[in-house]
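So the structure is just underneath, and the comments pick up after that.
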2 protein chains.
Amino acid sequence: MGRNKLVMKKIENSTSRQQTYSKRKDSIVKKANELAVLCDTDVALLMFSPTGQLTSYSSRGSVEDIMLRVVNRPGELHRRPIPNEQYFSQRLAQLKYESEMVEKIAMLTRRSLISSIKD
Amino acid sequence: MGRNKLVMKKIENSTSRQQTYSKRKDSIVKKANELAVLCDTDVALLMFSPTGQLTSYSSRGSVEDIMLRVVNRPGELHRRPIPNEQYFSQRLAQLKYESEMVEKIAMLTRRSLISSIKD
DNA sequence: CCGGCTATTTATAACGT
DNA sequence: TACGTTATAAATAGCCG
């Protein structure tokens with residue numbers, strides 16, 4: 001929308017990029033909320049700004065509540081029609097990777113080498 | 001938009017509600033993707049349909065990747081304390097459970113006892 | 001239930017302050 | 001750098017098949 005048709009590629013000018021992010025972020029949160037209200041559904045949105053700041057939206061309860069609902073639905077995350085061997089092996093690899101990451105982060109936290117995760 | 005201005009409340013007619021969900025879901029995924037591309041950022045979207053079906057979108061990597069980034073960010077918009085031992089152990093247990101479930105489902109699928117995952 | 005088809009409403013790109 | 005303004009691109013409500 002707007003004066004000119006926008007090309008769908010990264011906006012190179014950092015100022016314009018940040019401004020566009022700010023505007024569109026607000027709009028998409030609004031859209032998410034409309035979807036949740038109109039259709040009486042649960043919606044969650046997670047967005048990182050170009051500078052790394054997180055904006056989250058959840059139509060009901062905390063973002064974690066919805067994330068937990070998602071995590072507790074193995075095999076359905078991406079609405080795969082009929083799961084096949086490739087899907088299962090990829091999914092298992094993904095879960096293994098995540099477990100390793102969690103363990104690494106836990107270890108680092110124990111050692112107090114970090115107190116927060118940065119970009 | 002559309003022929004009439006829409007009132008922001010739950011659509012009572014279930015057919016209309018489902019149709020509206022379907023259309024708007026697609027649009028918001030498109031918007032999320034535009035935001036990610038234009039602004040070179042990470043975005044994740046989680047939406048449950050009126051019938052409970054999940055649609056997820058992630059601009060980069062898996063939805064879990066972005067959820068992990070969110071969970072591991074103390075002091076951001078939705079605030080969460082620094083991850084502690086309990087969180088890590090619970091998360092690991094969850095991942096282990098998921099892996100086991102995926103393996104079970106894979107085995108069942110191999111045996112052709114089921115052909116798709118249902119709610 | 002899934003796609004088209006407009007009339008209208010919204011969102012927003014480019015400017016302006 | 002953050003807000004308004006406006007012309008124009010997009011999204012979409014109500015219908016139809």
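Every chain is numbered from 1 and lettered A, B, ... according to where its sequence line falls, protein lines coming before strand lines.
Residue A:Lys5 is in sugar-phosphate contact alone, with no base atom involved, counting any heavy-atom pair closer than 4.0 Å across all strands shown. Backbone-only engagement by B:Thr20 is indicated by non-hydrogen atom pairs under 4.0 Å involving sugar-phosphate atoms exclusively.
A straight line from CZ of A:Arg3 to P of C:dA13 spans 12 Å, rounded to a whole angstrom. Rounded to whole Å, atom P of C:dA7 lies 20 Å from atom CG of B:Leu6. For the pair A:Asp26 CG and C:dA13 P, the computed distance is 13 Å after rounding to whole Å. One can place CZ of B:Arg24 at 9 Å from C1' of D:dA13, the figure rounded to the nearest angstrom. Taking atom CD of residue A:Gln18 and atom P of nucleotide D:dT1, one finds them 10 Å apart after rounding to whole Å.
Summarising the hydrophobic clusters (Ile, Leu, Val, Met, Phe, Trp, Tyr; side-chain heavy atoms under 4.5 Å, direct or chained), the residues clustered with A:Val7 are none.
Residue side chain B:Lys23 reaches the base of D:dG14 through a donor-acceptor N/O pair under 3.5 Å, judged by distance alone.
Remark on DNA chain C: of its neighbouring residues B:Glu34 and B:Ser22, the 5'-side contact belongs to B:Ser22, judged by nearest-heavy-atom nucleotide.
The shortest side-chain heavy-atom distance between A:Met47 and A:Val29 falls under the 4.5 Å cut-off.
Here the side chain of A:Arg17 pairs a donor or acceptor atom with the backbone of A:Glu12 at under 3.5 angstrom.
Defining each end axis of the helix from C:dC2-D:dG17 to C:dT17-D:dA2 as the rotation carrying four pairs' C1' atoms onto the next four, with five pairs an end, the two axes are found to diverge by 40° to 10 degrees.
Distances shorter than 4.0 Å separate some side-chain N or O of A:Lys30 from OP1 or OP2 on C:dA11. A sub-4.0 Å separation between OP1 or OP2 of D:dT12 and a side-chain N or O of A:Lys31 is present.
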